[in-house]
**Student:** 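What follows is a single structure, and I will ask about it in a moment.
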Amino acid sequence: MSSSSASTSTGGTSTTADGTASSSFWRNNSRSIPGRPTTVANRPGGGRPIGSGSSGATSSFQDYQDSVSDAWDLGDDEFCIISGVVDTRISKRASHTAALNVIKTHKSGVGGKSFTNTRSDTQDLGATGDSEPCRLDHNQPGDGRPEDKECLRIENLDIQQPPRQQQYNSNVPNDGVVYVNDHRLRQRFHAYPGRPQLLKLSSNVASKDVECESKYEKFSNILEAPLLNLIALKELSWSGVPRKMRAVTWRLLSGYLPTSLERRQTVLERKRVDYRKLVQQYFDADARDESQQDTYRQIHIDVPRMNPHVSLFQQQLVQEMFERILFIWAIRHPASGYVQGINDLVTPFFIVFLQEAVGADKDLEQCQLSNLSIEQRDIIESDSFWCLSKFLDCIQDNYIFAQLGIQAKVNQLKELIQRIDGTLHRHLQTHGVDYLQFSFRWMNNLLTRELPLYCTIRLWDTYLAESDGFAVFQLYVCAAFLLHWRDQLLQEKDFQGLMLLLQNLPTHNWMDSHIGVLVAEAFRLKFTYADAPKHLETKS
């Protein structure tokens with residue numbers, strides 16, 4: 001898929017570069033073609049090439065930062081019409097907030113000030129009213145106090161671009177106020193390379209496109225059948241699962257629950273008891289051999305590092321649950337044992353089952369596990385363990401000695417990109433970028449560190465719904481993901497700029513709709529290349 005033959009689509013026709021018109025399959029001109037990378041010229045604020053300074057100097061991290069900030073907020077998709085739903089209703093609060101944000105934006109544009117901190121409708125769900133954008137005044141002696149740092153909550157991670165003339169290392173703007181979304185938050189946002197995209201754990205906006213009434217009815221009809229039609233459930237889940245239905249759907253898709261409705265509760269109770277026995281037998285044992293002790297020590301080091309800027313994962317109860325899940329999984333899989341990165345794969349299951357326990361309409365960011373009963377916590381832990389075990393069965397070779405499965409997939413990705421887009425492949429090779437340097441993490445962590453958490457959960461809806469397991473499909477998702485950034489990558493002219501972009505891809509504003517386009521393009525690539533091995537051979 002090369003973008004060198006770009007065309008402009010309008011209605012049902014498309015105009016090519018030479019001016020000729022041709023019919024286009026994509027007749028809905030309100031959407032971009034799935035998998036087609038967005039050009040920098042079309043993006044808001046994207047007229048400046050990535051990594052190019054104003055004076056043509058060597059690319060820097062600040063140039064990268066200045067060029068990838070998207071111009072829209074998290075809440076923008078809140079006001080979009082859901083595809084296929086005619087009577088889409090917008091709440092009064094949503095429209096009121098949108099109007100206020102537009103007014104603030106226009107006010108800030110007067111006098112050359114183009115930067116404003118607009119708040120999305122999903123931010124601070126428990127608040128009774130809107131408030132001023134959170135900021136810290138350097139003229140006040142209280143700067144840096146704990147109460148000031150309350151502003152740095154995860155809900156406010158809608159990164160905005162500061163004025164172009166302001167330097168990145170300037171602590172005090174012209175008006176004497178430091179905006180939280182500027183220096184402090186930017187510094188904190190990039191304090192952990194490889195995991196900058198977490199944002200909100202639960203997002204009403206992110207789930208809008210799957211939370212429609214008709215889909216609820218379809219899921220209910222399938223799930224309540226005496227003998228579940230697993231093929232129909234996979235077909236329906238491939239495009240996303242509604243949040244209220246996700247926990248039970250994931251249990252069924254992973255093979256944790258049987259298809260017979262009358263047997264499900266019995267199986268659940270038995271498997272949960274089995275897990276508690278495993279914990280007593282292995283984790284709570286007084287004597288461990290040296291290899292088991294080494295495994296536990298590594299897990300104990302890795303778990304606190306996981307999502308260090310999210311308070312939920314810093315709770316002691318949560319960390320203890322993760323340690324037990326990972327340790328028992330390692331003991332039961334001696335061929336691989338524990339490998340760094342598997343800890344990230346527990347997170348989506350944990351979040352989904354925690355959401356089920358507290359309620360689909362509750363905000364997880366303020367959730368305290370100590371408020372849940374012991375029985376509820378045991379259910380979350382045991383279900384996360386069994387679903388993780390089933391989920392990793394088809395990619396077990398990724399975590400054996402030397403991780404041969406990942407190495408093979410990285411080589412396949414290289415060959416695939418070489419066939420699909422030779423220009424991009426040669427560009428990466430010319431500047432010394434090896435596919436292993438960036439795609440190893442994609443394969444090892446299943447893109448959990450490249451995407452916001454709610455986008456990862458949406459992606460896993462599709463992974464779990466793949467009929468033949470997601471091991472093969474993951475390769476084409478990574479290929480589509482790389483091709484999505486084609487234009488930005490081609491504008492980078494050195495190794496440093498390419499690696500900075502590949503390791504910190506600007507996905508922090510992604511929504512479920514982006515994942516829908518990504519998996520659609522991945523499916524197209526799989527349909528084209530997976531059953532045609534000659535496509536992966538070098539041209540003679």
**Student:** Working note: Asp302 + Gln298, criterion side-chain contact (heavy atoms from CB on, under 4.5 Å); need CA distance, chi angles, decisive distance, verdict.
**Tutor:** CA-CA 6 Å; Asp302 288 347; Gln298 186 61 56; 3.0 Å; yes
**Student:** Take Phe313 and Thr347, measure what side-chain contact (heavy atoms from CB on, under 4.5 Å) needs, and give me the verdict at the end.
**Tutor:** CA-CA 9 Å; Phe313 295 103; Thr347 305; 3.4 Å; yes
**Student:** Counting only N and O atoms by type, is there a donor-acceptor contact under 3.5 Å from the side chain of Gln314 to the main-chain atoms of Asn307?
**Tutor:** yes
**Student:** Identify which one of Asn343, Thr295, Val339, Leu345 satisfies the side-chain contact (heavy atoms from CB on, under 4.5 Å) criterion when paired with Leu326.
**Tutor:** Asn343
**Student:** Provide the closest heavy-atom pair for Ala480 versus Leu525 in the form atom of the first, atom of the second, distance.
**Tutor:** N-CD1, 4.0 Å
**Student:** If you count every heavy atom of other residues, nucleotides or ligands that lies below 6.0 Å from Phe523 atom CZ, does the total exceed 12?
**Tutor:** no
**Student:** Quick check: does any side chain N or O of Arg246 sit under 3.5 Å from a backbone N or O of Val241, one acting as donor and the other as acceptor?
**Tutor:** yes
**Student:** Passes side-chain contact (heavy atoms from CB on, under 4.5 Å), Val410 versus Trp442? Steps please.
**Tutor:** CA-CA 9 Å; Val410 170; Trp442 297 3; over 6 Å; no
**Student:** Are Met443 and Leu413 close enough that some pair of their side-chain heavy atoms sits under 4.5 Å apart?
**Tutor:** yes
**Student:** Taking the side chain as everything from C-beta on, heavy atoms only, tell me whether Asp461 gets closer than 4.5 Å to Leu253.
**Tutor:** no
**Student:** Is there side-chain contact between Arg524 and Glu521, with heavy atoms separated by less than 4.5 Å?
**Tutor:** yes
**Student:** Around Ile231, counting heavy atoms of other residues, nucleotides and ligands shown, do more than 12 lie under 6.0 Å from its CD1?
**Tutor:** no
**Student:** Look at the rings of His514 and Trp510 and say which category their plane angle falls in: under 30° parallel, 30 to 60° tilted, over 60° perpendicular.
**Tutor:** parallel
**Student:** Looking only at atom types and distance, does a side-chain atom of Arg458 sit under 3.5 Å from a main-chain N or O of Leu453, one as donor and one as acceptor?
**Tutor:** no
**Student:** If you take all heavy atoms of Leu436 and Asp434, which pair is closest and at what distance?
**Tutor:** N-OD1, 2.8 Å
**Student:** In sequence, state the C-alpha distance, the side-chain angles, and the governing distance for Asn445 and Phe440, and then conclude on side-chain contact (heavy atoms from CB on, under 4.5 Å).
**Tutor:** CA-CA 8 Å; Asn445 301 87; Phe440 182 89; over 6 Å; no
**Student:** In chain order, what residues pass the ring pair (Phe, Tyr, Trp, His ring centres under 6.0 Å) check against Trp250, with sequence neighbours excluded?
**Tutor:** Phe349
**Student:** Which pair of heavy atoms, one from Ser254 and one from Cys387, lies closest together, and at what distance?
**Tutor:** OG-SG, 3.6 Å
**Student:** After noting the C-alpha distance and the side-chain angles of Ser239 and Lys215, does the key distance pass the side-chain hydrogen bond (donor to acceptor under 3.5 Å, both in side chains) rule?
**Tutor:** CA-CA 10 Å; Ser239 59; Lys215 202 159 192 177; 3.0 Å; yes
**Student:** Starting from the C-alpha separation in whole Å, work towards a yes-or-no answer on ring-ring contact (aromatic ring centres under 6.0 Å, His included) for His425 and Tyr435.
**Tutor:** CA-CA 10 Å; His425 173 75; Tyr435 284 77; 5.7 Å; yes
**Student:** Please name the pair of heavy atoms, one in Trp485 and one in Phe481, separated by the smallest distance, quoted to 0.1 Å.
**Tutor:** CD1-O, 2.9 Å
**Student:** Check whether any side-chain heavy atom of Ser237 sits under 4.5 Å from a side-chain heavy atom of Leu464, and report yes or no.
**Tutor:** no
**Student:** What is the distance from atom CD of Glu492 to atom CE of Met499, rounded to the nearest 0.5 Å?
**Tutor:** 12.0 Å
**Student:** For residues 389-401, pull every pair meeting side chain to side chain donor-acceptor pair (under 3.5 Å), keeping only residues two or more places apart or in separate chains.
**Tutor:** Ser336-Gln396, Asn398-Lys409
**Student:** Students often mix this up, so state it plainly: with edges at 30° and 60°, are the rings of Phe470 and Phe391 parallel, tilted or perpendicular?
**Tutor:** parallel
**Student:** Can you find a pair of side-chain heavy atoms, one from Val303 and one from His300, that are under 4.5 Å apart?
**Tutor:** no
**Student:** Over 60° means perpendicular and under 30° means parallel, so tell me whether Trp329 and His333 are parallel, tilted or perpendicular.
**Tutor:** parallel
**Student:** Are Ile351 and Tyr454 side-chain neighbours, meaning at least one heavy-atom pair lies under 4.5 Å?
**Tutor:** no
**Student:** Can you check whether Glu450's main-chain N or O pairs, donor with acceptor, with Thr507's side chain at less than 3.5 Å?
**Tutor:** yes
**Student:** Look up atom OH in Tyr476 and atom OG1 in Thr528, then write down how far apart they are to the nearest 0.5 Å.
**Tutor:** 9.0 Å
**Student:** Just wondering, do Gln319 and Pro304 contact through their side chains at under 4.5 Å, heavy atoms?
**Tutor:** yes
**Student:** Mark yes or no for whether Asp421, through its side chain, and Leu424, through its backbone, hold a donor-acceptor pair below 3.5 Å.
**Tutor:** yes
**Student:** Going from NZ on Lys493 to NE2 on His431, what distance comes out if it is rounded to the nearest 0.5 angstrom?
**Tutor:** 6.0 Å
**Student:** With rounding to the nearest 0.5 Å, note down the distance linking CG in Leu498 to CG in Leu502.
**Tutor:** 6.5 Å
**Student:** Can you tell which of Asn444, Asp344, Thr456 makes a side chain to side chain donor-acceptor pair (under 3.5 Å) with Arg449?
**Tutor:** Asp344
**Student:** Rounded at 0.5 Å granularity, tell me how far OG in Ser384 sits from CD1 in Ile325.
**Tutor:** 4.5 Å
**Student:** Going from CG on Leu475 to CD on Glu415, what distance comes out if it is rounded to the nearest 0.5 angstrom?
**Tutor:** 9.5 Å
**Student:** If the threshold is 4.0 Å, N to carboxylate O, is there a salt bridge linking Lys526 and Glu466?
**Tutor:** yes
**Student:** Could you tell me whether Phe527 atom CZ has more than 12 heavy atoms of other residues or ligands within 6.0 Å of it?
**Tutor:** no
**Student:** Heavy atoms only: give me the nearest Tyr338-Ala330 pair and the separation to one decimal.
**Tutor:** N-CB, 3.6 Å
**Student:** Does some side-chain heavy atom of Leu354 sit less than 4.5 Å from a side-chain heavy atom of Leu312?
**Tutor:** yes
